[in-house]
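Read the numbers this way: they start at 1 and go in the same order the structure lists the ligands and their atoms. Sequence positions, counted from 1, serve as the residue numbers for this chain.
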Amino acid sequence: MKQWRPAVVILSLMLASSARGQVVPWGLERRRPGQTLLRGRSEESTFEEVIINEKGTGGYFATVTVGSPGQDLVMQLDTASSDTWVPYTGAPICEGLTSGCPMGTFDPHASKTFKEVTRDQFEVSYVDQSYSSGDYFADSFEIGGAVVQNLTMGLGLKTNIPYGLVGVGYPASEGALTTRGLVAYPNLPISMQEEGLINSVAYSLWLNDLDANTGTILFGGVDTKKYIGPLIKIDVIPDEGIESYTHFLVSLTSLEATSPTGTDILTSPEGPVEVVLDSGSTLTYLPNDMASKVWKEVGAEYQDIFGMAVLPCSHGSHPGYFSFGFGGSNGPRINVTMDELVVDLTNGAPPRFTSGPYDGELVCEFGVQNYSSGPFVLGDTFLRSAYVVYDLENHEIALAATDFNSTKSEIVAFRSKGASIPFATAAGEDDGGANAALPTSTTLAAAEGFQDLDDADSDSAATSLMIVVGRGLLALFVSTATMAVVGW
Ligand SMILES: *[C@@H]1O[C@H](CO)[C@@H](O)[C@H](O)[C@H]1NC(C)=O
Ligand SMILES: *[C@@H]1O[C@H](CO)[C@@H](O)[C@H](O)[C@H]1NC(C)=O
Ligand SMILES: *[C@@H]1O[C@H](CO)[C@@H](O)[C@H](O)[C@H]1NC(C)=O
Ligand SMILES: *[C@@H]1O[C@H](CO)[C@@H](O)[C@H](O)[C@H]1NC(C)=O
């Protein structure tokens with residue numbers, strides 16, 4: 001649920017929203033697999049929360065407890081916003097649903113430790129036009145076994161989102177500042193450090209495989225058994241002009257496509273692309289020119305009816321990968337394979353292509369979409385392939401290739417406030433080798449390998465795909481959209 005989300009994503013949200021109203025994605029029973037893991041010596045200064053990959057709505061959700069006695073809620077984890085807020089039990093969106101908001105709500109009257117902070121000053125809005133507003137309050141907040149005694153949170157009295165968010169971004173992006181012009185307050189990562197739960201304002205995110213049900217967020221440390229190869233750090237880019245950090249903005253300096261038939265450089269001629277690492281965005285958004293090259297490689301095509309680039313679901317088993325390079329030629333590189341880039345449409349019944357070369361095949365959304373202006377977004381379709389450490393003290397991000405489905409754990413805490421990321425090495429000076437100076441490939445040698453053309457009509461890659469969507473889907477789409485306008 002990021003603030004940069006391009007308007008086009010509204011379409012997928014609308015599709016998702018009907019599912020939300022009908023299905024309880026999971027019960028509210030406590031999920032604490034992390035507590036049963038053997039933990040290293042750093043146990044006392046790191047906290048690990050299992051996050052659930054909610055494939056129906058998209059996004060990663062944490063089970064938290066608010067107030068005393070504790071009230072259980074399941075909330076979306078978001079690296080691109082900075083407020084933690086809970087839906088109020090009496091919020092119209094929850095009262096409008098027969099069984100209330102299925103992921104839980106907060107009733108201030110039922111908490112003995114509830115303290116109002118400011119009335120009517122909480123307001124956040126996200127670019128997908130979802131919002132939440134109400135009061136700021138302070139109460140206890142438990143995540144991954146860590147209990148923050150006095151966390152400032154938003155109470156969503158009016159919202160169109162039926163669950164709360166745990167925003168773990170920079171305080172400069174808090175709603176209090178961005179919409180009310182108030183001073184920043186210590187948000188979750190900062191409060192955890194201030195209350196002595198973790199040593200430094202930092203955490204690591206391991207989203208794991210697209211097909212896995214869970215990943216983890218580790219506050220205050222790094223788990224060296226969740227990645228392969230070196231952990232390399234790069235700088236977060238401050239906001240232009242104000243020299244202040246608002247988002248996890250980093251420099252994407254190269255993009256290469258590799259398949260059995262070759263390697264192509266797809267970097268934008270406009271040079272390095274500034275991208276926000278956003279766990280709240282299910283898809284990745286690159287500049288139009290880069291995105292269309294990526295689509296040509298894999299045989300995806302933008303379709304107005306979906307408002308996005310789509311391709312046959314079967315392409316998820318095709319060979320080939322994209323290599324995302326950061327911070328210049330010596331920076332980290334993350335390879336993302338096709339099986340992480342072909343995502344089911346979120347509305348349950350998958351439509352089929354009804355004409356063209358993909359006639360009869362199931363339609364999936366492609367993990368890389370386009371947008372016309374920056375900052376661009378690396379969402380979950382990228383982030384799952386990386387282990388990412390967010391250091392909000394030193395304004396550094398460390399990246400390594402993820403170890404998919406790792407069941408091992410060796411947790412190392414940040415030693416002190418402001419200590420550098422354990423085990424991470426600096427990217428070093430850019431020698432310019434892999435940078436935008438290189439010409440972008442004009443012919444796409446890798447495309448044939450990506451599209452596995454042996455088993456398909458070999459003309460299909462070159463010719464434009466004409467996809468006629470069946471009327472059944474169109475009707476479904478229209479009715480879902482109408483529902484979304486009326487309210488979830
Ligand atoms: C809890 O936090 C609020 C808001 O920051 C603050 O006004 C209050 O004094 C704090 N209470 C305690 C006991 O620290
Ligand atoms: C990880 O586990 C999921 C099932 O939980 C499986 O579908 C997937 O293929 C596994 N990924 C890898 C890379 O082994
Ligand atoms: C990632 O891709 C690059 C470029 O093709 C390759 O050199 C590198 O070995 C790959 N890394 C891993 C971990 O597979
Ligand atoms: C994405 O690409 C399609 C096809 O080129 C175009 O119609 C659409 O406007 C683009 N979206 C944005 C946000 O630029």
Next on the checklist: Show me the pairs that pass side-chain hydrogen bond (donor to acceptor under 3.5 Å, both in side chains) and involve residues 104-120, at least two apart or across chains.
Outcome noted: Ser68-Thr113, Thr89-Thr105, Ser111-Thr113, Ser111-Asp139, Thr113-Asp139, Lys115-Asn150, Glu116-Arg119

Checklist entry - When you check the side-chain N and O atoms of Asp380 and Thr282, is any donor under 3.5 Å from an acceptor? => result no

What about the rings of [X] and [Y], do their centers lie closer together than 6.0 Å?
X      : Y      : answer
Tyr126 : Tyr131 : no
Phe122 : Phe137 : no
Phe326 : Phe382 : yes
His318 : Phe450 : no

Next on the checklist: So for ligand 1, is Lys115 a polar contact partner (N or O within less than 3.5 Å, distance only)?
Outcome noted: no

Item to check | Neighbour list for ligand 3 [protein residues, heavy atom under 4.0 Å] | outcome: Thr258, Tyr321, Ser323, Arg333, Asn335

Item to check | Proximal ligand 2 atoms for Phe404, defined as those under 4.0 Å from one of its heavy atoms | outcome: 13 (C)

Next on the checklist: Under a 4.0 Å threshold between the charged nitrogen and the carboxylate oxygen, would Arg333 count as salt-bridged to Glu256?
Outcome noted: yes

Checklist outcome for this item: Per-atom filter on ligand 1: closer than 4.0 angstrom to a heavy atom of Thr152 are 4 (C), 5 (O)

